[in-house]
Structure formats: C-alpha cells, structure tokens
Amino acid sequence: MTELRYNHAVNRAMADAMAADPTVVLFGEDVAGAGGVYGATRGLRDKFGADRVRDTPISEAAIVGMAVGAALSGLKPIVEISFIDFMTFAMDAVVNQAAKMRTMFGAQCSVPMVLRTQHGGGAGSGPQHSQCLEAWFAHVPGLKVVCPADPASAYGLLRAAIVDPDPVIVIEHKALYATRVPEPDSLPILPIGKAAVLRPGRDLTIVSYGAALRAVSDAAATLAKEGIETEILDLRSIQPWDEAAVLASLARTHRLMIVHEAVEAFGVGAEIAARMADIGFDELDAPILRVGAPFMPSPVAKALERRYMPNADNILAAARRLLA
Amino acid sequence: MTELRYNHAVNRAMADAMAADPTVVLFGEDVAGAGGVYGATRGLRDKFGADRVRDTPISEAAIVGMAVGAALSGLKPIVEISFIDFMTFAMDAVVNQAAKMRTMFGAQCSVPMVLRTQHGGGAGSGPQHSQCLEAWFAHVPGLKVVCPADPASAYGLLRAAIVDPDPVIVIEHKALYATRVPEPDSLPILPIGKAAVLRPGRDLTIVSYGAALRAVSDAAATLAKEGIETEILDLRSIQPWDEAAVLASLARTHRLMIVHEAVEAFGVGAEIAARMADIGFDELDAPILRVGAPFMPSPVAKALERRYMPNADNILAAARRLLA
Amino acid sequence: MGKTSDIARARRLYRTVLTIRRAEEALAVLLAEGLIPGFIHLSIGQEAVAAGVMDALTPVDTVTSTHRGHGHAIAKGMGLDAFFAELLGRDSGACRGRGGSMHVADISRGMLGANGIVAAGMPIALGSALAHQILGRDAVAVAIFGDGAMAEGLLHECLNLARLWNLPVLFVCENNGWGEFLPTDRQIVFSLDKLAAAHGIAHVAVDGNDVAAVASKAAEVVAGVRKGGGPAILECHTTRVGGHYEGDPQRGRDPADRAANAARDPLIRARAALTEPDAAKIEAEVTAEIAAAVAFARAAPPPKWEDAAASVYTI
Amino acid sequence: MGKTSDIARARRLYRTVLTIRRAEEALAVLLAEGLIPGFIHLSIGQEAVAAGVMDALTPVDTVTSTHRGHGHAIAKGMGLDAFFAELLGRDSGACRGRGGSMHVADISRGMLGANGIVAAGMPIALGSALAHQILGRDAVAVAIFGDGAMAEGLLHECLNLARLWNLPVLFVCENNGWGEFLPTDRQIVFSLDKLAAAHGIAHVAVDGNDVAAVASKAAEVVAGVRKGGGPAILECHTTRVGGHYEGDPQRGRDPADRAANAARDPLIRARAALTEPDAAKIEAEVTAEIAAAVAFARAAPPPKWEDAAASVYTI
Ligand SMILES: Cc1ncc(C[n+]2csc(CCOP(=O)(O)OP(=O)(O)O)c2C)c(N)n1
Ligand SMILES: Cc1ncc(C[n+]2csc(CCOP(=O)(O)OP(=O)(O)O)c2C)c(N)n1
Ligand SMILES: [Mg+2]
Ligand SMILES: [Mg+2]
C-alpha cells in the first residue's frame, strides 16, 4: 500500500503549485541544496531550477522582506523559515509590511506570499526551538494562518495558501513530518477558514489543531470506552477560524474544551473561548475549559517536556471537570 | 495648583530610580540629546551623565539584545523603543533571550531589564505607528507587561518595573503623555499584577487598561444617568493580570465587558474573557462581551480612525446588549 | 547628448524639484490648518535626489522609499491630486486615505511605497529586483534609504544578498547628516564607500543637491544595473533643511548648519540651468498645478467607514 | 615567556582541547543511546578556538556563544559533571536540565550561554561589555559567532555600536567554511577583514586549529581590548569535521573536504607540543575525568516537574 508522508505532502503541494504556475518561487535557508531541515523541499531545485528554488544566507529579516517585494512585483514567493522561533527576526516584514500593504495602500495591490514554517515541541529541541507562536500572527489583521494536522491537510492548505492572493502563514509541526496515512484517492485544495469534524460526538466538543490532535484523539478514545462521546474539531485554519463550525458543535454538545500545544495564556484558545462566551453563551451548560502549555518556557529535559505538553491525561482531567 | 503630567511622571520615575541605584542606566534612540520623541527622558543625561544615559544608533535588535547582556552583568538597563511597532525588529532579544534565560539557565540568573515603549492610536500616526501589540508579550512566559493609564500609574508601575528582577515591558500610550492630574501627595511604587477599581458599580463590570479607559469612563457616565452603575477596573498589569480582582467584580455585577484599543481578535480581552468563562462561569448572567479594534490595520484618515478606535458609542451599544 | 535634450532635461528636472518643493510647502500650510492627520516629514533641501534618480527610471522600474518619501512619490509619477488627497486622508487619495504621508504608494507606476519603518523598504526593493530578474523584465529596483538606516542590520543583509544573487537593484542613500534628531556622525562609524568596497559593490557619490549631477550619475549607474552588472550604491550628499518632522523645534541643531544648507539649495541650483523666461513659465505652471491639486484635495470627500474593512483581504 | 611557562601553557591547552574532544565523543555515544534530548552540534575540529581564546580570559571576563557551544562552556570553566548532567537533562545539570546542549551556561564563571539563535549572542556580549565599561570592571566580553552569522544584520549593528561606544568587546569568528548545510562562500560575499577595516576595528586572523597560535593571538588582542583600545575581531580559520548536527548525513559534502580537515586536526597539533609522557599523563587524567562525569550524569536524577514553574520569575 502506498502511503503519504506529511513532509512529502508539503513537498508535493509546492511541486504541483510550481508546475501549475511559473511565478511561484521558493527560497529560504538550505531549502535548495539540502532540501530543508525536515526534507520538505527536497528535489524541488532539481525539478524547477536554481532560479526558482534558492538557498539564502542566514538573513531572516531580509528574506521575508524580499518575499514581500517579490509578491508586489509579480511573483508568488514561498519562503521557508525553518523554525517559527526565528520569525522573531522577521516580524517587521510580516506584520508591518505584508499584512498591512493591501489596506494601507488602499487596495491597490495584494501581497500573494506564503511563509512556511514549523512549530512545536516533543523533540527535546529546547526553549528556543519548540515554541508555538501562531497567536501572534492571528492577532494581526491582514494575515491568514493555517496549521495542518495531517498529510492531506498539509497538501490542501498549502496549495490554498499559494493560490491565495494575500499573505498566508503556514505552520507545520516538527513532530508531524514523519507521520503517514494511506495515499488518498485525491488530494483536494482545502479552503482556508474551514474546520473539519474528525470525530462526531454528542457529549462534549473539543476544538484543537496541529499535533495536539493526537492527544485529543487518545483522550476521546478513553472517554468512548466510558460511553462518553467526544466531538473533535480540527480547526485547520487559525485565522480566519471557523466560528460557525465551532458554534454548531457547541450547539450539539453544550460543552466546550479547546486544546493546543501553545502556551495557554493569551493563546489561540483564548479567542475561541472568548467568542463562544459571547455568541455561544446560551448554548453553554458548563464552563469553557482550555488545555495548553503552562506559563513557562519549554524545558529540554524529557521528563519535563512530557509534562509540559498537553497530553491525554490533562485532557481527560479537563473532560471530567467539564462533564461533572 | 501644581500638576503632574504623564510624561513627567515617567521622567520622574526614571530620575528617582537612577538616583537611588547607580546601576540603573538608560539608552535608546534620541533619549539623551533630544529627550525622547515624547519628552519622557528629557534632562536625564544632564542629571546622570553621558555614561548612564545614551543615545543609540537606529539598531533596535542590537539595543534590546544589549540590554539583556547588560542585565546579566550587573546593570539595570532601561531601554526605550519609541514605538511598539518597532519592536518587530527586536523580538528575538525579548522573547528568545530575556524572557527565557532565567528558566533555561536553571534559575542561575535574573534579567532585570525594563523595556519602555508606547502604543496606540488617535493621533493619525497610521498603520505602522499606532499598533497595540501587548498581547504578543503577554503570551510569552518570562515577561511581565504593564500599561499605565494615568500619571500616578506611569510613575508607580515604572518604578516597580525597574526594581523588578525580571524583564518588564512598560507600554505607555502616545495619547496620554500630555494628560495631567493634580500633583498627588505621594507617588507610591505600585505592585505589578494588581488592578484598581476606578469606579465602583453593581450592574456591570468593564475591565480595561490604558487610554481606552477614557472612553469607558465616558460610557459609564452616560449609563449612570440612566441609573446603571458600571464598575470600572483598570487592569494596569497585563501579565500577570489581576484575575482575583476581575473575578471579585464579576461576582458583584454578574456581567462582564472587556474594552481595549488593541485589535479585538486574539487580543488581551480574549484571555480575560476565556478565563472568566472558566473560573467565573457560575457568576455569569450574560455573555461576556469585548470591545476592541476591528480586524483591519489602523487607517490614517481621521474619519476612519475615529470609528476604528473603541469609543463611548461602541461601549454603550455593548453595554445595552449586556444588560438586555 | 545634444543641446536640445540637455535643455529639455534641465527643464524637466527643475520642474520636478520645484513641484516637490511647492507641494511640501503647501503641506506645511495644510498641516498648520489641521487638515493632515498625524505627523509629516518634509524633504525640503533633498528634492534633487528624488528628481535626479527618478529621471533615470522607466515606469516599469520599481522604487521603495522611506518615511520622507513625498518627493520620491511625486518624482516617480504619482498624480498630484492623488498625492494631496492622500495626505489629507481623503477617499480619492492614492491609498484611499488609509496610508497618509508615510505610505504614499502608486503600484501601477512602480512606486512601492514610502515606509514608516526605517530600512524596511530595502528588502522589498530586493524582492522586486528578484522578480525583475526571474521574470526577465528589463527593469531595475531602487531602494532609497537615509544615512540613519545604515545602523539597521537590514541594510547589511540586503547588500550581501544583492551581491550574492547579482540582483538588479540600486541602493540610493540620501545622506543628509541626520538620523531623526541626532547627527549621523554620532550614530555611524563607517562610510558607505568602504562598506560597498567590502562587498564588491560599486559605489558612486554625488552632490545630492545638484540635480543635473544626480540625474547623470543615476543614469550611468542605473544603466550598469540594467545591463546585469549587479547591485550598485549611489550616495547622495544632501541637506535636510527642516527638522525631523514638520514642527520639530530642532533644539539640538546649530543655526550655522541651517545657514549652510540654505546656501546649497537644490532649487536655486536647478533654476540656474534655465533661462529666466523658461524658469518663470515652469513656475507659473507648477504653481497652478499645485493650487489645483490642493483645491481638489480640500474638496475631496473622506473615506467611508463602511468600505474600510473590505480592503483587508483581496476579494 | 620562560620555558617552564611555555610548557605549562602547552599542557594546559592540550588538556582543554582534549577534554572538549573526549567530552563530545562521549556525547555522540550518549546520543546514540537515546540519553540526550533533542539534537546536538559537535565542535570536533574546532576545539582549539575555544581552548585558545578562553586561555586569554579571567573568570570575570564574559563570553556569549553559539549553537555549537560545548567547547566554549568547558573551556570557560564549566564543571564536567554539570556539563554532562545538563546535556542529559538532569536536575544537577548546569541549567537544571532546562536548557540542554544549546543553552549550556555558567553565569558565575562568565559563560553567558550557548545560544540556539544564530547571532543572538553578539548583542548580549555587547551589553555585558557595556556593564564592564560603566561599572569600571577590569574585564572584557567575548562574542563568539560562526561565519554563517555574518549574514545576520545583528553582526553589523553590533560592530557599529561596539566601535561607536568603544566597548571592551572581542568578536571571535569561528570560520569553518560552513553555515548549517551550505558552504559559506555561497552565503557571504564579503570578508571579515574588509568589513572590520570599514568600521575601523582591528582584525586579526589566525589558524584556528593551532591552539598555541590562537592562545597567543587571543592574549595579544584581549590585552588591547582590556586596556581600553576598543573592540577587535579575531577570525579563527577552523574546520568542522562533522556535519551540522550529530547524525547529519552530510549529503552535499565533498569527501575530500573531510579528508583535508582530518589533516588539520587541532588535537594532533596540540599534542605535538608535548613530550610523550606528558601527553600520556594528561590523556589518562582526562579520560578518567570524562568517565567520572559521564557516570555522574548517567546516575543523576531527572528534574522534578513540581520545581519547574518556580523558576520562571525570580522569587
Ligand atoms: C525601525 C524604526 N526605528 C526608528 C524609527 C523612528 N525614526 C523615523 S525616521 C528616523 C531617522 C532615520 O534616519 P534617516 O533615514 O537618515 O532619516 P532622516 O532623519 O535623515 O530623514 C527614525 C529613528 C522608525 N521609524 N523605524
Ligand atoms: C536566527 C536563526 N536562523 C537559523 C538558524 C538555524 N541554524 C542553526 S546553526 C545555523 C548555521 C549557522 O552558521 P555558523 O554560525 O557558521 O555555524 P556552523 O554551521 O558553522 O556551526 C543555522 C542556519 C538558527 N538557529 N537561528
Ligand atoms: Mg538622514
Ligand atoms: Mg560556520
């Protein structure tokens, strides 16, 4: 049986987009020769040439700024920043330039660029290589943010990001690159802004995204053994996020939990909870609970990192509180 | 009657701290000769010498990184970044270095630095000079964030930030620098993490901070004429924020609104709402509402900026929904 | 170059310098009237750089500019109606009143925007140059920056990348001796020529207040870049006659410095290349054009709130 | 320097080079056993830079390092027990198991940390130098960086500031010809000597695999910085024998390059300065020390979750 690996899906999305549109180009540190730290860009230079697939120097601020200019002048650049932690050097180009240009130039232009990066822990990569910073970007008007949790989403959302006329941040997860699924019959482009129901259920809703969904599924399996049916929503897109789908699920289950790997405080879950505490208030039969990382930098020791990241135990404990 | 201006209070806090502790130093673009874009550092070089008060080149990344190193080696640096929008160049030093060092070095050291900056709109400064980005910093474990709304808080919180052993981001507001109050009898150091009840009330709670409190007060005055008593909380600190005070107020009024100038989506209000939708759920008699900027870059035209920023009208409309 | 075209060029350059000067003088009045939101940075004394450099460009060439970008926008061809309406935050402004002074942009004319962030325009120009290169356009990108921006790491990242990829980009430094409120000799320890040499990038210096000199040097350097010679730097020594922003009390500034600037006035020097009747004719025309554009902008309606959110994403 | 002190120095330097080498070889084993969280970057082939530079420093001097910082930490005096325990993520590690390989730090010995972010250590060293300067300490700060970091704007911001403020900071470049997976000649167009010259900063180059040469050049340069001569750059040409991280398949690498590196092995060259009995004695001692430290670390208990949150803020 052929399988599709997450990093190959990412690779294929870029290859298909580059084959379809000669203005799509790719650059970043070690994307051309080495094929990327996680192998997601391997072979693309051979396929599309050294003009369209380029290794850059270690200059994150310039690289991302360059993508903005390229997007203004007729290209559709994909730029890879190998760890989201390094985006700290490139925030101006994303936030003050790419995100704002369409509005601040009075809709004269779009900025069709894609910034691919990856986040997350579980690999002992330590405090400067494990962060989940998606909430920062979701707070910035003009950006779109997606977090694919599986190979098909990795393909479908990246293709959508590349054809999208506005800047999209695609956040992969280092612990997902090696995951595989049976090769799907088709790999559609997935709409940005739409969530997917991964598991239907009537007793509680868990909204999550990215690698945290694995722990959510484990917890749901345990709950199912006890006769408790969890509805799991994979948000897929963080900005815009699928408010209607979350509300619809809440209206079915009347109980809501949000789980993510990012630090809980001021994280993505806060927005979802806040929004549902407004428009979903009448549906709520219980407090809205969140499970995320505690308020500390992620530690490197395995014994600590295991506890630091959201896991089935945390989620189960929260579910029991929610159902009490 | 003598008065205290907000920018003079900021100035006095630094002067008093520098007089009390010879290891306190100040640097930033145009802080020494020009006295800062908003005059908050005027005269400090004359008082404390060119060694301790320095103009820097336009190198935000290096300046903030330098503050980290200075803090590790015995100084208590205050660094000014004149607009929070320019922090986009200095995120690594704040987020990956200052915030994490204490934890990632196993509590070998503290990083006693203060980063003073200012945020906000209302001055026609446009999309790259009006942002409110405090939610970013509040999401980063290891940082503290305060937003003083009046001259006494500007003094008290900045002094607290300077004596605090950990990195503190002090976010002033460009529209507040010229505001004045009668000179207080005393100017105490204010504890980081404590909110203040600006107006007691029994019918609804509005939590806010910074310059948005002016619109909140206006709205409360209008509501008072109708016999509706608003309890107003000035958060003062965003990270850590005074959860107990908000919960206590909610327990009195059972209705909660959060107002800030930052973009509503994924803003500070989201965390407060989310937290109260959890621990305060049983106290809620109505949805939790938020009023913040809409999801767009702030426009420069006066007609647009007026509507863009939270104002008494938005707040009143939300209050009526909350009380309906 | 023949005599006729010399004269035509002198006229053209004088017209541009004068248009920028008169436009910014008009802005000072409009600001004082309270009609302009926010603060504005005038380029009075620096107009010859904008006029001379843009004279070497075609409409398909692209430019990124700075916080002090009015002149660049006008010289790159932004219409005066759109310019003034933008400065006044009107719906018929170049950016529909969303951007204002620090964000004047006219993408259709290759003006990729003034920029409120020091140094931020440089990588954008680099990216534009990359597009020119990959798409095989006969075009160059121009990154304008101030001497204060030499302290930003971005400049250095961009020089390295530009040379490494041999991008068709011209870096234009408006060296006016100031970075905000502080002379740049108290901010920057290196000179651009030595930095350029270290990178193997051609560096040409010019009197930035002599518009003819700027235009001819720019034409030369741009031609080299256009031919595929790779990046180059044009350093224009110029004078910021006013303060950092309009209304800046200029506390720290030596009055002698201001006097010295006046003596180098690029407008007077540009005018000297013309006959009196020629100059007078241009002056009359420019005065009328500015007056008309200001009148247009004053009468232009403000943007509608209802339209605003629609522009955040492409529909 | 007299004969005895020459010999003492050669012994000292060989001991440090050897300790780093054996420590990293032990790490490779521990990694293969699955005992080390995350990835690690070994400095095999580059040890002479760490040993030689740190030999010129006092305990009050401060150092910031890179992602490849094991050798710097050991040479600056971090105890081997604390080092190995940290790499294994144990509670008795230098950073109580919170930081690991990329964050080994020993503040009490002036080792301000390895750093997972390219170039990020440089401004931290600058700030430390500022503290030395303002507090009147007889101390210098050393910023170690790799040649790949030359493309980061931060380097350039730091050079300018260091010179402008005459800070007591030494920039040490470990120029190993690689930046991650790509040769740096395909990343960087300028050389450090020319960049230094543009900034008026002294630049000294040395064979970074000759520990005696590094030590004596470093001593010379550090003395100048210490006396108030302002910043300087020491560029050490060295060899990264392995890949970017331990386990890197090194796809793009020419085998000839690896062979050439072996011929320049700093360990063999450091040993050549000693008599055989001297070298053998040091080897026996170092082997025992490493074995003891590894045993200590293997047996060391992991950190407790309950203690973890307590360290985020100072109590
Ligand atoms: C990143 C950033 N830092 C600081 C500022 C504030 N600022 C605006 S213009 C300026 C001076 C820049 O120097 P230069 O480019 O020479 O401009 P000039 O003052 O000569 O117009 C500064 C510091 C900014 N806009 N962006
Ligand atoms: C800001 C940032 N960008 C990228 C990386 C990924 N990275 C780690 S080491 C490295 C190479 C740095 O080059 P150099 O300093 O010469 O190190 P060497 O490969 O020689 O050890 C890169 C790109 C990083 N850690 N930080
Ligand atoms: Mg200047
Ligand atoms: Mg290297």
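Below, each value reflects all heavy atoms present in this structure, side chains not excepted, and no hydrogens, waters or symmetry copies. Throughout, a chain's letter reflects where its sequence line sits, starting with A, and its residues are numbered from 1.
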Using a 3.5 Å distance criterion without hydrogens, assess whether the side chain of Q108(B) forms a donor-acceptor pair with backbone atoms of A105(D).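 Present.
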Is D166(B) reaching over with its side chain to a backbone N or O of Y313(D), donor-acceptor style, under 3.5 angstrom?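 No, D166(B) side chain to Y313(D) backbone: no donor-acceptor pair under 3.5 Å.
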For the candidates G74(B), A67(B), S110(B), A61(B), which exhibits the highest count of non-hydrogen atom pairs separated by less than 4.5 Å from chain D?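 Looking at each option in turn, the highest pair count goes to A61(B).
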Report the option among I63(B), T23(B), L72(B), D51(B) that has the most heavy-atom pairs separated by less than 4.5 Å from atoms of chain D.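 Option with the greatest count: D51(B).
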Which pair of non-hydrogen atoms, one from [X] and one from [Y], has the smallest distance, and what is that distance?
| X | Y | value |
| --- | --- | --- |
| T314(D) | P165(B) | CB-CG, 3.5 Å |
| A62(B) | L161(D) | CB-CD1, 3.9 Å |
| G142(B) | V312(D) | N-CG1, 3.7 Å |

Can you tell me how far the [atom1] atom of [X] sits from the [atom2] atom of [Y], to the nearest 0.5 Å?
| X | Y | atom1 | atom2 | answer |
| --- | --- | --- | --- | --- |
| T103(B) | R96(D) | OG1 | CZ | 11.0 Å |
| T56(B) | L164(D) | OG1 | CG | 9.0 Å |
| I117(D) | N96(B) | CD1 | CG | 4.0 Å |
| S311(D) | R102(B) | OG | CZ | 6.5 Å |

Checking K100(B) against chain D: side chain, backbone, both or neither under 4.5 Å from a heavy atom?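 Neither part.
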Side chain, backbone, both or neither of A93(B) within contact of chain D (heavy atoms, under 4.5 Å):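 Neither part.
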Can you tell which of A308(D), G99(D), G113(D) has the highest number of heavy-atom pairs within less than 4.5 Å of chain B?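 Counting heavy-atom pairs under 4.5 Å, the top option is G99(D).
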Heavy-atom pairs under 4.5 Å with chain B - which of S108(D), A131(D), A310(D), A141(D) has more of them than the others?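 Counting heavy-atom pairs under 4.5 Å, the top option is A131(D).
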Test item: [X] and [Y] side chains (from C-beta on) under 4.5 Å apart, heavy atoms:
| X | Y | value |
| --- | --- | --- |
| S73(B) | R137(D) | yes |
| I107(D) | M101(B) | no |
| F105(B) | H103(D) | yes |
| R54(B) | L130(D) | yes |
| N160(D) | P57(B) | yes |

At under 4.5 Å between heavy atoms, what parts of residues 150-158 of chain D are in contact with chain B? List them by residue number.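 Residues L154(D), E157(D), C158(D) are the ones that qualify, each having a heavy atom under 4.5 Å from chain B.
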Between N115(D) and Q97(B), do the side chains contain an N or O donor and an N or O acceptor separated by less than 3.5 Å?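 Yes, a side-chain donor-acceptor pair sits under 3.5 Å.
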For chain D, which residues from residues 25-38 of chain B lie under 4.5 Å away (heavy-atom distances)?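 So far as heavy atoms go, V25(B), F27(B) are the residues that approach chain D to under 4.5 Å.
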